[in-house]
Amino acid sequence: MRNYLRKIGLSVICLITPLSLVHANTQLCKKAPLIVTSKNVGSVSYYANNCSQNWDNQDIRLDFTYNQNIPEWAFKKAATYYLKKNVTNFSNESVLNRITELYHPVKKGDLYTLNYDQMSKQLSLSLNQKRLGSITDSQANQYFKIWFGDSPFNAKLKQQLLNL
């Protein structure tokens with residue numbers, strides 16, 4: 001019986017620990033409405049180690065909370081379009097596409113989390129706190145150029161999140 005309880009305890013620790021470590025050093029910097037063609041479809045929260053430091057050289061996270069249903073193809077089409085506009089030499093063979101391929105449709109109340117760890121160069125995507133997948137690459141954080149690049153998804157959103 002004691003071994004059984006130890007196994008349960010260890011399982012719980014293994015489940016809880018990764019989530020707490022991933023977000024341990026980030027703080028909420030800004031939250032802004034997610035507007036698509038003048039319609040509010042949710043909100044975006046931007047987290048970083050240091051809110052006054054540049055986004056591209058630290059651990060960061062974006063949480064997207066939705067109040068509308070959105071089909072999977074819409075995420076994939078928009079991500080591909082804005083990656084092509086913002087990432088030099090982006091192509092269909094890019095490692096960044098492995099994150100784009102992970103998108104699922106969302107319904108009201110769903111939460112997408114895009115998390116980047118600077119030390120490991122790992123970018124992960126989760127839906128409702130269930131990890132869908134990740135990439136480890138020296139350019140993984142370039143995925144955030146969809147929202148923070150020179151031609152972002154929404155310039156006002158970029159301005160609100162980065163306090164520009």
Side-chain angles (χ1 to χ4, degrees), residues 18-88 90 92 94-118 121-135 137 139-164:
L19 288 176
S20 61
L21 287 176
V22 165
H23 307 307
N25 296 327
T26 57
Q27 60 182 305
L28 176 62
C29 297
K30 287 289 182 171
K31 186 174 181 177
L34 182 57
I35 309 295
V36 179
T37 61
S38 73
K39 185 176 185 180
N40 185 331
V41 299
S43 63
V44 183
S45 298
Y46 169 58
Y47 296 82
N49 286 355
N50 182 340
C51 297
S52 60
Q53 186 178 324
N54 206 359
W55 67 269
D56 62 352
N57 56 12
Q58 64 176 319
D59 294 348
I60 61 171
R61 182 176 102 221
L62 290 179
D63 284 350
F64 299 85
T65 305
Y66 296 93
N67 58 26
Q68 301 284 319
N69 296 348
I70 300 175
E72 160 186 347
W73 64 263
F75 290 110
K76 291 178 178 180
K77 185 177 180 178
T80 301
Y81 178 80
Y82 286 100
L83 287 169
K84 284 180 181 175
K85 286 185 76 151
N86 289 290
V87 177
T88 306
F90 179 81
N92 291 335
S94 172
V95 67
L96 298 177
N97 278 331
R98 287 193 274 179
I99 292 294
T100 301
E101 292 167 0
L102 298 172
Y103 285 112
H104 296 310
V106 296
K107 58 187 180 309
K108 184 177 181 177
D110 280 349
L111 168 71
Y112 259 127
T113 298
L114 193 59
N115 189 74
Y116 177 70
D117 181 87
Q118 176 73 19
K121 307 293 186 207
Q122 185 176 76
L123 176 68
S124 63
L125 181 68
S126 301
L127 177 59
N128 298 325
Q129 298 182 339
K130 180 183 178 222
R131 190 178 205 159
L132 300 175
S134 66
I135 59 170
D137 187 84
Q139 298 298 307
N141 70 340
Q142 299 299 291
Y143 202 84
F144 289 93
K145 286 188 172 183
I146 293 171
W147 304 277
F148 301 151
D150 291 335
S151 300
F153 172 76
N154 182 311
K156 184 174 181 181
L157 177 65
K158 174 184 173 180
Q159 193 173 40
Q160 291 171 316
L161 292 177
L162 297 180
N163 214 19
L164 302 175

Mind running side chain to side chain contact (heavy atoms under 4.5 Å, CB included) on Asn163 and Lys30 for me, showing each step along the way? CA-CA 8 Å; Asn163 214 19; Lys30 287 289 182 171; 3.6 Å; yes
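- When all heavy atoms of Pro105 and Asp110 are compared, the closest pair comes out as O-OD2, 4.3 Å.
- Here the closest non-hydrogen pair linking Phe153 and Ile35 is CE2-O, 4.0 Å.
- The minimum heavy-atom distance linking Leu28 with Ser45 is given by the pair CD1-CB, 3.8 Å.
- One finds the CG atom of Asp137 at 9.5 Å from the CD atom of Gln142 (value rounded to the nearest 0.5 Å).
- Classification of the Tyr46-Phe148 ring pair by plane angle, with boundaries at 30° and 60°, yields perpendicular.
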Step by step, would you call Leu132 with His104 a side chain to side chain contact (heavy atoms under 4.5 Å, CB included)? CA-CA 9 Å; Leu132 300 175; His104 296 310; 3.6 Å; yes
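- Aromatic ring centroids of Tyr103 and Tyr112 lie under 6.0 Å apart.
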Hey, mind stepping through Phe90 and Asn97 against side chain to side chain contact (heavy atoms under 4.5 Å, CB included) and telling me if it holds? CA-CA 9 Å; Phe90 179 81; Asn97 278 331; 3.2 Å; yes
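- How far OH of Tyr143 is from CG of Leu96: 7.5 Å, rounded to the nearest 0.5 Å.
- Within 6.0 Å of NZ in Lys121 there are more than 12 heavy atoms belonging to other residues, nucleotides or ligands.
- With hydrogens and angles ignored, the 3.5 Å screen pairs no side-chain donor or acceptor of Asn86 with any backbone N or O of Ile146.
- When atom types are taken as modelled, the side chain of Asn115 and the backbone of Arg61 share no donor-acceptor pair closer than 3.5 angstrom.
- Atom CD of residue Gln139 and atom OG1 of residue Thr88 lie 9.0 Å apart, to the nearest 0.5 angstrom.
- Residues Asp56 and Asn141 approach most closely at O-ND2, 2.8 Å, considering heavy atoms.
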Report, one line per pair, each donor and acceptor closer than 3.5 Å where one atom sits in a side chain of residues 69-84; sequence neighbours left out.
unit_1, atom_1, unit_2, atom_2, d
Asn69, OD1, Lys108, N, 3.1
Glu72, OE2, Lys76, NZ, 2.6
Thr80, OG1, Lys76, O, 2.9

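- With values rounded to the nearest 0.5 angstrom, Leu125 atom CG is found 14.0 Å from Arg98 atom CZ.
- A distance of 11.0 Å separates CD1 in Ile60 from SG in Cys51, rounded to the nearest 0.5 Å.
- For Lys107, the side chain to side chain donor-acceptor pair (under 3.5 Å) test picks out no residue, with sequence neighbours left out.
- Here the closest heavy-atom approach between residue Gly149 and residue Lys158 is recorded as O-NZ, 2.9 Å.
- Closest approach of Gln122 and Ser134 over heavy atoms only: NE2-OG, 3.5 Å.
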Stepwise, does the side chain to side chain contact (heavy atoms under 4.5 Å, CB included) test hold for Leu114 with Leu123? CA-CA 7 Å; Leu114 193 59; Leu123 176 68; 3.8 Å; yes
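- With no hydrogens or angles considered, no side-chain donor-acceptor pair links Gln53 and Asn49 at under 3.5 Å.
- With hydrogens and angles disregarded, a donor-acceptor distance shorter than 3.5 Å links the side chain of Asp59 to the backbone of Gln118.
- We find the CG-CG distance between Leu111 and Asn128 to be 6.0 Å, quoted to the nearest 0.5 Å.
- Without hydrogens or angle criteria, Asn54 side chain to Asn57 main chain gives no donor-acceptor distance under 3.5 Å.
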